[in-house]
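Everything on this sheet refers to the single structure shown next.
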Amino acid sequence: MATTQLRRYEILPGEMDAFLEWFPQVVAVREQYGFKVTGAYADRERNEFVWVVSHDGDFDAVFEVYNASPERAAVFAGQPSRVAKMHLAMVDPVLG
């Protein structure tokens, strides 16, 4: 059974378009480590970005490996911070 994390970001004013342009690079690296992004949504009215990522193995252990990886470092290199605040939660499915 997959472990799922809900990630909600408050995006800095004026940074949503740049964030959305860059985000697919993060997804590509996450996928290299066995993560699956099952949804991603931009709420432009509230300047929020919400996405859902899951992993079939030990989510926390694989996240630590991903987080320390040279691939992740390369994706984040030279990128300004566009996220004012992150809200992260492990969630359980309710439907199906």
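Numbers for residues simply follow the sequence, beginning at 1. Just so it is clear, the structure is predicted and the values come from calculations on it, not from any experiment. Computation of the quantities below employed the complete heavy-atom set of this structure, encompassing side-chain atoms and omitting hydrogens, waters and symmetry-equivalent molecules.
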Pairs flagged by side-chain hydrogen bond (donor to acceptor under 3.5 Å, both in side chains) wherever residues 18-29 is involved - sequence neighbours left out: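 Matches after skipping sequence neighbours: none remain.
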In the single-linkage hydrophobic clustering (I, L, V, M, F, W, Y; side-chain heavy atoms under 4.5 Å), do M86 and Y41 co-cluster?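 Each belongs to a different hydrophobic cluster.
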Looking only at heavy atoms, which two atoms of [X] and [Y] are closest? And how far apart?
X   : Y   : result
S54 : T38 : OG-CG2, 4.0 Å
M16 : A42 : SD-CB, 4.2 Å
L12 : A84 : CD2-CB, 3.6 Å

Got [X] and [Y] here, is their nearest side-chain heavy-atom distance under 4.5 Å?
X   : Y   : result
L20 : R44 : yes
V27 : Q32 : no
E48 : I11 : no
E10 : V83 : no
V53 : K36 : no

Lys/Arg cation over aromatic Y33: R30, 6.0 Å, 45° cone: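 No - R30 does not lie over the ring of Y33 by the 6.0 Å and 45° rule.
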Non-neighbouring partners of F59 that pass ring-ring contact (aromatic ring centres under 6.0 Å, His included), sequence neighbours left out: F35
Suppose clustering is done on Ile, Leu, Val, Met, Phe, Trp and Tyr with side-chain heavy atoms closer than 4.5 Å. Which residues sit in the same group as V50? L6, V52, V91
Rounded to the nearest 0.5 Å, what separates atom CG in L88 from atom OH in Y9?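 L88 atom CG to Y9 atom OH measures 6.5 Å (nearest 0.5 Å).
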Would E15 and R82 pass as an ion pair if we require N to O under 4.0 Å?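 Salt bridge: yes.
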Could you tell me whether R8 and D43 have a side-chain N and a carboxylate O separated by less than 4.0 Å?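 Salt bridge between R8 and D43, a charged N being under 4.0 Å from a carboxylate O: no.
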Residues that D56 engages under salt bridge (Lys or Arg N to Asp or Glu O under 4.0 Å), provided they are two or more places apart: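 By the salt bridge (Lys or Arg N to Asp or Glu O under 4.0 Å) rule, D56 matches no residue at all.
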Listing request: all ring pair (Phe, Tyr, Trp, His ring centres under 6.0 Å) pairs with a residue in residues 77-96, at least two apart in sequence or in separate chains.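 Sorted result for residues 77-96: empty, none.
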Can you list everything that forms a side chain to side chain contact (heavy atoms under 4.5 Å, CB included) with A40? Sequence neighbours excluded, please. F23, F49, W51
Starting from the C-alpha separation in whole Å, work towards a yes-or-no answer on side-chain contact (heavy atoms from CB on, under 4.5 Å) for M90 and T3. CA-CA 7 Å; M90 302 313 268; T3 302; 3.2 Å; yes
